[in-house]
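Here the structure is laid out as C-alpha cells; the discussion comes afterwards.
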Amino acid sequence: MTDLLRAEGVSAFYGASQILFNVDLALKQRRTLALLGRNGAGKSTTLKTLAGILPARAGRIFFADRDITRAPPHTRARLGLAYVPEDRQVFAEHSVEDNLLIAAKSGPDGRRDWALPRIWQTFPLLANLRSRPAGRLSGGEQQLLVIARALMGNPLVLLLDEPSEGLAPLVVATIGKVLRELGASGATILLAEQNMHFCSRIAEQALVIDKGKVVHRQDTAGLAGNEEIRRRYLAM
C-alpha cells in the first residue's frame, strides 16, 4: 500500500535547541497511525514540521510522492495536508456554521466529499449548535468543530494534535467514535496523543517518540500488551 506521507531522517530545532532527531515516519493511504509519547516528547513538533509550520533542518518530507521539505504551509494545505492544532483556534465571534464555511474548498483532486450536509450528519452535536458563536462552545465542542472544519477542506491527510487532551471522558468517547468512523470511511490520519487507550481503537499502527527520537514501532494491539514499552515511555 502506498505511503501517502513520509518523513526520512527529519530533524527540527527551536532556535538553537534541537527537538527532533532523525525522525522516520510513514503513513499509508487510508490508514490511521498513532504517534505516542509523554508531554514534551516531540509529538507536536513532529506534526508542526510535517505541516510546514516549523522548518525541517535536516531530512526530507514527501507527500503524495512529492518532495515538500521546503514547501510553505499554505502549499502543503493546498496539496491536501490538513493540520488540527492542540489549542483549537476557532473564530470565536463567528458561528459554528461560519467557521465551517470559512474553510470550505475542493480537495486537491477537485472532489467535494465533505460539505455541510455530510458534516451535520457526521457531527450531529454541531448541527444543533450551528448558530452559536464558536467562542461559546465547550472545549469538547470546539475540538469537534476544528476537526469538522479541517474536513471541509477535503484533505487527503489529517494531522491531529492531542484531540483528547483536557476533555471529559464522555467527550473523549465521542471524538473517538468520530475518528473511528472517519477511518472506516477511508480517511488517512496521523494522530499525536499521550492516551494509549484512546488510540488503541482508532489507529492500526503506532510509533512511540521520546526525547525527539522514534524509539519503538508496533501495531496498537501489540503495544497495548507491551508492558515494558508502555512503562518506559508512556506511563505518567
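Just so you know, residue 1 is the first one in the sequence shown, and it goes up from there. As a basis for the values below, the full set of heavy atoms in this structure was taken, side chains included, without hydrogen atoms, waters or symmetry mates.
In the hydrophobic clustering of ILVMFWY residues, with side-chain heavy atoms under 4.5 Å counting as a link, Leu182 and Val84 come out together. The hydrophobic clustering, which links ILVMFWY residues whose side-chain heavy atoms are closer than 4.5 Å, places Val96 and Val171 together. Both Leu4 and Val10 belong to a common hydrophobic cluster when Ile, Leu, Val, Met, Phe, Trp and Tyr are linked at side-chain heavy-atom distances under 4.5 angstrom. Under the 4.5 Å side-chain contact rule for hydrophobic residues, Ile175 and Tyr83 do not share a cluster. Note on Leu125: it clusters hydrophobically with Met152, by side-chain heavy-atom contacts below 4.5 Å among ILVMFWY residues.
Judged by distance alone, the side chain of Glu97 and the main-chain N or O of Ser131 form no donor-acceptor pair under 3.5 Å. Gln194 contributes no side-chain N or O that, together with a main-chain N or O of Met196, makes up a donor-acceptor pair within less than 3.5 Å. Judged by distance alone, the side chain of Arg230 and the main-chain N or O of Ala224 form a donor-acceptor pair under 3.5 Å. With hydrogens and angles ignored, the 3.5 Å screen pairs no side-chain donor or acceptor of Gln29 with any backbone N or O of Thr188. Counting only distance, with no hydrogens or angles, the side chain of Arg38 and the backbone of Asp210 share no donor-acceptor pair below 3.5 Å. Panel note: side chain Asp219, backbone Gln205; no donor-acceptor pair is recorded below 3.5 Å. Although no hydrogens or angles enter the test, the distance criterion places a donor-acceptor pair under 3.5 Å between the side chain of Asn154 and the main chain of Trp114. Although no hydrogens or angles enter the test, the distance criterion places no donor-acceptor pair under 3.5 Å between the side chain of Lys48 and the main chain of Leu54. When atom types are taken as modelled, the side chain of Asp3 and the backbone of Arg6 share no donor-acceptor pair closer than 3.5 angstrom. Using a distance-only test at 3.5 Å, with no hydrogens or angles considered, no donor-acceptor pair links the side chain of Arg66 to the main chain of Phe63.
The two residues Pro133 and Ala92 come nearest to each other via the heavy atoms CB-O, 3.7 Å. When all heavy atoms are compared, the tightest approach of Glu193 to Cys199 is CB-SG, 3.4 Å. Contact record, Leu36 with Ala206: CD1-CB, 3.9 Å, taken as the closest heavy-atom pair. Of all heavy-atom pairs between Pro163 and Leu160, the closest is CD-O, 4.1 Å. Nearest heavy atoms, Ala7 versus Leu50: CB-CD2, 4.1 Å. In plain terms, the two heavy atoms of Ala82 and Pro155 that are nearest each other are CB-CB, 3.6 Å.
Atom CZ of Arg180 has more than 12 heavy atoms from other residues, nucleotides or ligands within 6.0 Å. Summarising the local packing, CZ of Arg201 is surrounded by 12 or fewer heavy atoms from other residues, nucleotides or ligands at distances under 6.0 Å. Within 6.0 Å of NZ in Lys105 there are more than 12 heavy atoms belonging to other residues, nucleotides or ligands. Crowding of Asp65 atom CG: a count of heavy atoms from other residues, nucleotides or ligands under 6.0 Å not exceeding 12.
Leu129 has its side chain out of reach of Leu145: every pair of non-hydrogen atoms, C-beta onward, lies at least 4.5 Å apart. Looking only at side-chain heavy atoms (C-beta outward), Ser11 and Asn22 come within less than 4.5 Å of each other. With contacts defined as side-chain heavy-atom distances shorter than 4.5 Å, the pair Asp24/Arg217 qualifies. No side-chain heavy atom of Val146 sits less than 4.5 Å from a side-chain heavy atom of Gln89. Side-chain contact between Ile202 and Ile189: absent, with no pair of heavy atoms (C-beta onward) separated by less than 4.5 Å. Within the 4.5 Å cutoff, the side chain of Ile61 has heavy atoms near those of the Arg76 side chain. At least one side-chain heavy atom of Ile102 sits under 4.5 Å from a side-chain heavy atom of Phe91. Leu179 places none of its side-chain heavy atoms less than 4.5 Å from the side chain of Leu158.
Across Val157, Leu156, Ile68, a single residue satisfies side chain to side chain contact (heavy atoms under 4.5 Å, CB included) together with Leu79, and that is Ile68. Partner Leu159 forms a side chain to side chain contact (heavy atoms under 4.5 Å, CB included) with one of Thr46, Leu191, Leu5, Leu35 and no other, that one being Leu5. For the pairing with Phe123, the side chain to side chain contact (heavy atoms under 4.5 Å, CB included) check across Leu100, Thr174, Leu151 returns one residue only, Leu151.
For the 3.5 Å distance criterion, the side chains of Arg149 and Asn99 qualify, holding a donor opposite an acceptor. Between Arg88 and Gln143, the side chains place a donor N or O and an acceptor N or O closer than 3.5 Å (distance only, hydrogens not considered).
Salt bridge annotation for Asp67-Arg60: present, with a cationic side-chain nitrogen under 4.0 angstrom from a carboxylate oxygen.
Atom CG in Leu167 sits 8.0 Å away from atom OG in Ser138 (nearest 0.5 Å). Interatomic distance, CD of Glu86 versus OG of Ser164, reported as 11.0 Å (0.5 Å rounding). Here NZ of Lys211 is found 13.0 Å from CD1 of Ile19. Values are rounded to the nearest 0.5 Å. The CG atom of Leu33 lies 9.0 Å from the CD atom of Glu204; values are rounded to the nearest 0.5 Å. Here Lys177 contributes atom NZ and Thr122 contributes atom OG1; the two are 9.5 Å apart, rounded to the nearest 0.5 Å. Atoms CZ and OG, on Arg111 and Ser106 in that order, are 11.0 Å from each other to the nearest 0.5 Å.
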Inset, instruction - Any chance you could lay out the side chain to side chain contact (heavy atoms under 4.5 Å, CB included) test for Asn39 and Glu162, step after step, and finish with the verdict? - result: CA-CA 10 Å; Asn39 272 337; Glu162 302 269 17; 4.3 Å; yes
Inset, instruction - Could you walk me through whether Asn226 and His216 pass the side chain to side chain contact (heavy atoms under 4.5 Å, CB included) test, one step at a time? - result: CA-CA 11 Å; Asn226 193 330; His216 189 73; 3.7 Å; yes
